Amino acid sequence: MDADINFYFDPVCPFAWMTSKWVRQVQAQRDYTVDWRFISLRLLNAEVDYDAHFPPEYEAGHTAGLRLLRVAARARAEHGRAAIAPLYAAFGAHIFDTAPEAGDDRSEGDVRERRGTREFAEMVLADAGLPIELADALDDESWDAEIRRETDEALSLTGRDVGTPIIHFEPPTGVAFFGPVISRLPDEDTAAELWDYVVGLARFPGFAELKRSLREQPQLAAFGVDADTVGKQEDWHGGSRRQKK
């Protein structure tokens, strides 16, 4: 598929979701085409000791993301690449844009693990207008080779010391970068302006990185941060909010 933007996402990454919402704003204004592609945080961190490098709930969350990507890979194979935009939108709506129910006393690990269950996948598929039978792919590891190939494809464009999302601008010859990581959704006017700044940097062949480790909690209902609130700042290292020792 020839697209103006290739966007590599893991459905359980909140910052990928925030960036994707911004990209959809720009897409609507500029009439861009976007190919929504896969990158698995679980496969990217396959050799990492989760206990040493991440907060305790991350492994369950990343594993759930891989399971959902298997469903997405089957959806793409059977219903075409156009099926991924509404499916990713449904993933994000349920995972991040839905506030926790009052009295929900489940642990963060349990919440993240539930995202990889059949009950959750069927609910998302129904909202995306796709057959719930696609949830059979949750446990089908035969899709992992395709997901790994796409993960490796994304990393071949940026180098391996990155996370999600990865955006490939003006493929196949354009430059790809990790991010931009944003915690606030710009308004309609600012969205395109911000995009032009980012693309301006991306088009300069010598540009490599612009980064800080401080991040705000994203303006997502799942974090209890609404669009009128600025999320608490956290210092991120190595792809998580776990502090360096």
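The shown structure was predicted, so the numbers you read here are calculated from the model rather than taken from an experiment. Computed over heavy atoms, backbone and side chain alike; hydrogens, waters and symmetry mates excluded.
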Heavy-atom donor-acceptor pair, [X] side chain to [Y] backbone, under 3.5 Å:
X      : Y      : result
Thr190 : Pro186 : no
Asp4   : Glu170 : no
Trp17  : Pro11  : no
Gln219 : Gly231 : no
Asn45  : Val48  : no
Gln29  : Glu188 : yes
Thr117 : Arg114 : yes
Arg70  : Leu138 : yes
Thr98  : Ala93  : yes

Would His53 and Tyr58 count as having a side-chain donor-acceptor pair, cut-off 3.5 Å?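 Absent: no donor and acceptor within the cut-off.
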Do Thr164 and Asp10 have a side chain donor and acceptor closer than 3.5 Å? no
Just how far is it from atom CD1 of Ile166 to atom CG of Leu157, taken to the nearest 0.5 Å?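 The CG atom of Leu157 is 7.5 Å from CD1 of Ile166, to the nearest 0.5 Å.
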Could you grab the distance from atom OG1 of Thr63 to atom CG of Leu66, nearest 0.5 Å is fine?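 So the OG1 of Thr63 and the CG of Leu66 are separated by 7.0 Å.
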Parallel, tilted or perpendicular: rings of [Y] and [X] (30°, 60°):
X      : Y     : value
Phe38  : Phe9  : perpendicular
Tyr50  : His62 : perpendicular
Phe120 : His94 : perpendicular

Residues [X] and [Y] bridged, charged N to O under 4.0 Å:
X      : Y      : value
Arg76  : Glu150 : yes
Arg184 : Glu216 : yes
Asp144 : Arg67  : no
Glu153 : Arg37  : yes
Arg118 : Glu122 : yes
Asp35  : Arg81  : yes

Between Phe91 and Ile84, is there a side-chain heavy-atom distance shorter than 4.5 Å? no
Can you tell which of Ile39, Leu41, Thr19, Val181 makes a side chain to side chain contact (heavy atoms under 4.5 Å, CB included) with Cys13? Leu41
CG/Asp49: more than 12 non-hydrogen atoms of other groups inside 6.0 Å: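 Yes, the 6.0 Å shell around CG holds more than 12 heavy atoms from other groups.
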Would the number of heavy atoms belonging to other residues, nucleotides or ligands and lying under 6.0 Å from CG of Asp31 be above 12?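 No, the 6.0 Å shell around CG holds no more than 12 heavy atoms from other groups.
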With a cut-off of under 6.0 Å to the ring centre and 45° to the axis, is Arg149 in cation-pi contact with Trp143? no
So, for Phe207 and Phe177, is the gap between ring centers shorter than 6.0 Å? yes
Begin with the C-alpha distance, continue with both residues' side-chain angles, and end with the deciding distance and a verdict on salt bridge (Lys or Arg N to Asp or Glu O under 4.0 Å) for Arg115 and Asp110. CA-CA 9 Å; Arg115 296 167 184 166; Asp110 289 341; over 6 Å; no
